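Below is one structure, written out as structure tokens; comments come after it.
Predicted model, so just to flag it, every value in this text is computed and none were measured.
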Amino acid sequence: MSGDGALVLFSGGQDSTVCLAWALERFQRVETVGFSYDQRHSVELTQRRIVRDSIPDIFPHWADRLGSDHEIALTELGRISETALTRSTEIAMTEAGLPSTFVPGRNLLFLVYAAAIAYRRGIGTLVAGMCETDYSGYPDCRADAIHAQQKAIALGFDREFAIETPLMHVDKAGAWAMADALGGAPLVDLIREDTHTCYLGDRTHRHDWGWGCGECPACRLRARGWETWKAGKP
Ligand code: ZN
């Protein structure tokens, strides 16, 4: 248990909600940061507030630990990225083998902004949901990239920050299992009902695993993880 505090990169999706629960279980003080960058939909930002606001009611033992939320607008990131998240282009695989939803360097930028906030808040640990198991080919989600950035941030800020990525080697089925272990059925249900992962911002179709179009790469990953987890449950 660290008394030092953690800042969680919290988007309101499944992964970052698991990371938030992971941090609340381990740290006395947990703050959150979310980024807006001209997403094609504002659903994520709406849902992240709903999820955050629900946590103290559903998990009273975490209520005292959940501290401030920070929302940072990175609108220029949207302007410089020709991607499906920020432009009305179709989600497809690019020639580089990456989904067109990829915003180059997005996670690197997020971590630098998060470190700047953590520095001001006296927080020594950043918690982020990067994962190289189901990472859709995002190079800045790889463990190597995160380790290198932790070093760069320590040098550039002249202060050590730990960057914790509890989902780095966990697949989507494992993320459901982790939610269950951390918060039981109430956390699994919160993730199903209120977190948002669908790239298209669809909240009109309800599936067993939650809301979404069911067709985009994010929905398919989440659905497959859910099925695998359910199938493996005793
Ligand atoms: Zn979808």
Side-chain angles (χ1 to χ4, degrees), residues 6-27 30-37 39-73 85 101 110 114 127-131 134 136 166-167 170-230 233:
L7 178 66
V8 180
L9 280 73
F10 180 61
S11 69
Q14 175 182 359
D15 290 348
S16 66
T17 301
V18 174
C19 287
L20 178 55
W22 182 91
L24 286 165
E25 197 63 20
R26 282 166 180 77
F27 294 87
V30 176
E31 300 192 1
T32 50
V33 57
F35 301 97
S36 60
Y37 48 100
Q39 283 109 326
R40 199 161 61 169
H41 46 84
S42 59
V43 175
E44 271 192 15
L45 287 175
T46 305
Q47 292 309 122
R48 73 183 290 284
R49 290 179 202 139
I50 291 172
V51 172
R52 240 195 78 99
D53 291 348
S54 303
I55 283 178
D57 294 333
I58 305 175
F59 308 99
H61 59 295
W62 288 341
D64 288 348
R65 299 181 171 194
L66 186 58
S68 306
D69 183 39
H70 311 273
E71 282 191 6
I72 308 293
L85 280 182
T101 46
F110 287 177
V127 181
M130 289 78 171
C131 167
D134 280 337
S136 305
L167 296 174
V170 176
D171 63 14
K172 286 283 184 241
W176 284 110
M178 218 164 134
D180 193 29
L182 287 163
L187 185 58
V188 171
D189 289 346
L190 177 66
I191 289 171
R192 291 167 75 195
E193 192 55 37
D194 289 322
T195 69
H196 187 82
T197 311
C198 174
Y199 285 143
L200 301 181
D202 183 315
R203 291 196 70 78
T204 59
H205 298 90
R206 177 67 155 88
H207 314 265
D208 268 0
W209 44 265
W211 297 90
C213 72
E215 300 296 329
C216 76
C219 280
R220 271 189 255 130
L221 262 183
R222 181 160 160 162
R224 203 182 332 137
W226 171 262
E227 299 302 336
T228 306
W229 176 59
K230 287 302 257 188
K233 264 174 71 108

Quiz item: Any idea how His207 and Trp209 line up, ring-wise: parallel (<30°), tilted (30 to 60°), or perpendicular (>60°)?
Solution: parallel
Quiz item: Are Ile191 and Arg222 side-chain neighbours, meaning at least one heavy-atom pair lies under 4.5 Å?
Solution: yes
Quiz prompt | For Arg192, salt bridge (Lys or Arg N to Asp or Glu O under 4.0 Å) partners two or more places apart | solution = Asp189
Quiz item: What residues form a salt bridge (Lys or Arg N to Asp or Glu O under 4.0 Å) with Asp180, not counting sequence neighbours?
Solution: Lys233
Quiz item: For Leu7, does its backbone N or O pair with a side-chain atom of Glu31 as donor and acceptor, under 3.5 Å?
Solution: no
Quiz item: Where do Ser16 and Val8 come nearest, in terms of heavy atoms and distance?
Solution: O-CG1, 4.2 Å
Exercise. Would you please test Cys19 and Leu167 for side chain to side chain contact (heavy atoms under 4.5 Å, CB included) and show each step?
Key: CA-CA 8 Å; Cys19 287; Leu167 296 174; 4.0 Å; yes
Quiz prompt | SG-CZ distance between Cys213 and Arg203, expressed to the nearest 0.5 angstrom | solution = 12.5 Å
Self-check item: From Met130 atom CE to Leu9 atom CG, the distance as rounded to the nearest 0.5 Å
Solution: 6.0 Å
Quiz item: Do the rings of Trp226 and Trp176 sit parallel, tilted or perpendicular, given the 30° and 60° boundaries?
Solution: perpendicular
Self-check item: Heavy-atom side-chain proximity of Trp22 to Phe27 below 4.5 angstrom
Solution: yes
Quiz item: Could you state the interatomic distance from CG (Leu45) to CD (Glu71), rounded to the nearest 0.5 Å?
Solution: 5.5 Å
Practice problem: Kindly give the heavy-atom pair with the smallest separation between Ala23 and Ala6, and that separation in Å. | Solution: CB-CB, 4.5 Å
Quiz item: Where the side chain of Arg65 meets the backbone of Leu24, is there a donor-acceptor pair that is under 3.5 Å apart?
Solution: yes
Practice problem: Decide yes or no for Leu221 and Pro217: does some side-chain heavy atom of the first lie under 4.5 Å from some side-chain heavy atom of the second? | Solution: no
Exercise. Determine, for Asp69 against Arg49, whether the closest basic-nitrogen to carboxylate-oxygen distance falls under 4.0 angstrom.
Key: no
Quiz item: Hey, does Thr32 have a side-chain heavy atom less than 4.5 Å from the side chain of Leu20?
Solution: yes
Quiz item: Just how far is it from atom CD of Gln14 to atom CG of Asp194, taken to the nearest 0.5 Å?
Solution: 13.5 Å
Quiz prompt | Heavy-atom donor-acceptor pair, Thr195 side chain to Gly12 backbone, under 3.5 Å | solution = no
Quiz item: Taking atom CH2 of Trp229 and atom CE of Met178, what is their separation to the nearest 0.5 Å?
Solution: 13.5 Å
Quiz item: What's the shortest heavy-atom distance between Trp62 and Ala21, and which atoms?
Solution: CH2-CB, 3.7 Å
Quiz item: Are the side chain of His70 and the backbone N or O of Ile72 linked by a donor-acceptor pair below 3.5 Å?
Solution: no
Exercise. Check for a donor-acceptor pair, side chain of Asp202 on one end and backbone N or O of His205 on the other, with a separation under 3.5 Å.
Key: yes
Quiz prompt | All ring-ring contact (aromatic ring centres under 6.0 Å, His included) counterparts of Trp211, not counting sequence neighbours | solution = none
Quiz item: Any donor-acceptor pair under 3.5 Å linking the side chain of Arg48 with the backbone of Gly13?
Solution: no
Quiz item: What heavy-atom pair brings Val18 and Ala179 nearest, and what distance separates the two atoms?
Solution: CG2-CB, 4.0 Å
Exercise. Give the minimum heavy-atom separation between Pro56 and Ala63, together with the two atoms involved.
Key: CB-CB, 3.8 Å
Quiz item: Do the charged groups of Lys172 and Asp15 touch, with an N to O distance under 4.0 Å?
Solution: yes
